[in-house]
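Right, one structure below, let's go through it.
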2 protein chains.
Amino acid sequence: MDFNSKYGKCPIYYTISKIQGKWKWVILYKLYKSKMIRYNRLWNDLKPIAHRTLSKQLKELEADGLVHREQYNEVPPRVEYSLTEDGKTLAPILELMSDWGAKHIDSDTEN
Amino acid sequence: MDFNSKYGKCPIYYTISKIQGKWKWVILYKLYKSKMIRYNRLWNDLKPIAHRTLSKQLKELEADGLVHREQYNEVPPRVEYSLTEDGKTLAPILELMSDWGAKHIDSDTEN
DNA sequence: CTCAATACTTACAAAAAGTTTAGTATATAA
DNA sequence: TTATATACTAAACTTTTTGTAAGTATTGAG
């Protein structure tokens, strides 16, 4: 992350640099709502996201301790994603962001 | 914005595509906290942001109806930025994001 | 006549982010 | 033997975003 001491004063900058990427908030929201979700399911919900993008962002979220990845060595393979305890602390923000979007899609559509 | 009907189902995607950019949330937060702020002051607070970046993001926020720009034709010129009524509806999200960041900077620093 | 102050804009360059296409591994089913 | 399913990864490429450096406009002060 490009977070340096200069921004020690700015917690919100910390938050957004930690969760940056066209899809990260959506991914977190989906995980929050589903409790747990398999890779292909997530990909289907988020299409047209590219596999590379999805798996990269998941990996980053995992590295940041927000998402948990559980792999089952079956055939065909199964991988389940869910929020960590830390990830769950984002829930109120996710809810508000979703609500805000919902209201504004409406008013944008009123034209 | 690249928001299309495909995402009609996903309000949170709408929100993040509307407020995208490395600095937008921080800018909004500064405006929220200061009520109003002049260009150079904002630039100083956000350094090392580039002028180009700052003025572009301000312009986009203005176009999206979240930020208000008031220009006084004095010499030297004076321009003041503030949140619109619509922009103010983001306040709860800004607060939560800032809180979340504050908590996590701490726990990241505990190592 | 030149400088200073504020709030930018412009052209160009670099970096970051995302996409496209193709391919991997494994084992069961047809 | 070939196809199928899942969960990816790799390389090359395009797009988007951000940064750098310089320049613009105004007018009052020295």
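Just so it is clear, the model here is predicted, and its values are computed rather than measured. Here is the naming used below: chain letters follow the sequence lines, and residue numbers restart at 1 for every chain.
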- [ ] Hey, can you tell me if A:Trp43 and A:His51 have their rings parallel, tilted or perpendicular (30° and 60° cut-offs)?
- [x] parallel
Open item on the list: Under 4.0 Å, counting only non-hydrogen atoms across every strand here, what does A:Glu80 touch: a base, just sugar-phosphate, or nothing?
Closed with: nothing
Task: Any side-chain donor near an acceptor of the partner, B:Tyr81 and B:Glu62, under 3.5 Å - done: no
Open item on the list: Regarding A:Tyr81, tell me which of base, sugar-phosphate or nothing describes its non-hydrogen contacts under 4.0 Å with the strands shown.
Closed with: sugar-phosphate
Open item on the list: Looking at C:dA17, I'd like to know if its phosphate oxygens (OP1 or OP2) sit under 4.0 Å from a side-chain N or O belonging to B:Gln20.
Closed with: no
Open item on the list: Taking 4.0 Å as the cut-off, does a side-chain nitrogen or oxygen of A:Ser55 come that near to OP1 or OP2 on D:dA7?
Closed with: no
Open item on the list: I want to verify a distance call: between D:dC8, D:dT6, C:dT10, whose nearest atom is closest to the B:Arg52 side chain?
Closed with: C:dT10
Open item on the list: Taking the nucleotide of DNA chain D with the nearest heavy atom to each, does B:Val75 or A:Val75 sit closer to the 5' end?
Closed with: A:Val75
Task: Among C:dC8, C:dT6, D:dG19, the nucleotide that comes nearest once only the side chain of B:Trp23 is considered - done: D:dG19
TODO: May I ask you to say what A:Arg78 touches in the nucleic acid, namely base, sugar-phosphate or nothing, with a heavy-atom cut-off under 4.0 Å?
DONE: sugar-phosphate
Open item on the list: Looking only at the side chain of A:Arg69 (C-beta and beyond, no hydrogens), which of the listed nucleotides C:dA7, C:dT10, D:dC8 gets closest?
Closed with: D:dC8
- [ ] Identify, between A:Asn40 and B:Gly21, the residue whose nearest nucleotide on DNA chain D lies closer to the 5' end.
- [x] A:Asn40
TODO: Between D:dC8, D:dT6, C:dA11, spot the one nearest the side chain of A:Val79, thanks.
DONE: D:dC8
- [ ] Please work out if B:Lys56 contacts a base, only the sugar-phosphate, or nothing of the nucleic acid, heavy-atom cut-off 4.0 Å.
- [x] base
Open item on the list: Does C:dT19 have its OP1 or OP2 closer than 4.0 Å to a side-chain nitrogen or oxygen of A:Lys22?
Closed with: yes
Task: C:dA7 OP1/OP2 closer than 4.0 Å to side-chain N/O of B:Arg38 - done: yes
Could you give the side-chain donor-acceptor pairs of residues 88-95 of chain A under 3.5 Å, partners two or more places apart or in another chain?
{"residue": "A:Lys88", "atom": "NZ", "partner": "A:Glu85", "partner atom": "OE2", "Å": "3.0"}
{"residue": "A:Thr89", "atom": "OG1", "partner": "A:Asp86", "partner atom": "O", "Å": "2.5"}
{"residue": "A:Thr89", "atom": "OG1", "partner": "B:Trp100", "partner atom": "NE1", "Å": "2.9"}
{"residue": "A:Glu95", "atom": "OE2", "partner": "A:Tyr32", "partner atom": "OH", "Å": "2.6"}

Open item on the list: Between P on C:dC8 and CD1 on B:Ile49, what's the gap in Å once rounded to a whole number?
Closed with: 13 Å
TODO: Run the salt-bridge test on A:Lys103 and A:Asp99 with the 4.0 Å N-O cut-off and return the result as yes or no.
DONE: no
TODO: Using a heavy-atom cut-off of under 4.0 Å over every strand shown, decide if A:Arg41 touches base, sugar-phosphate, or nothing.
DONE: nothing
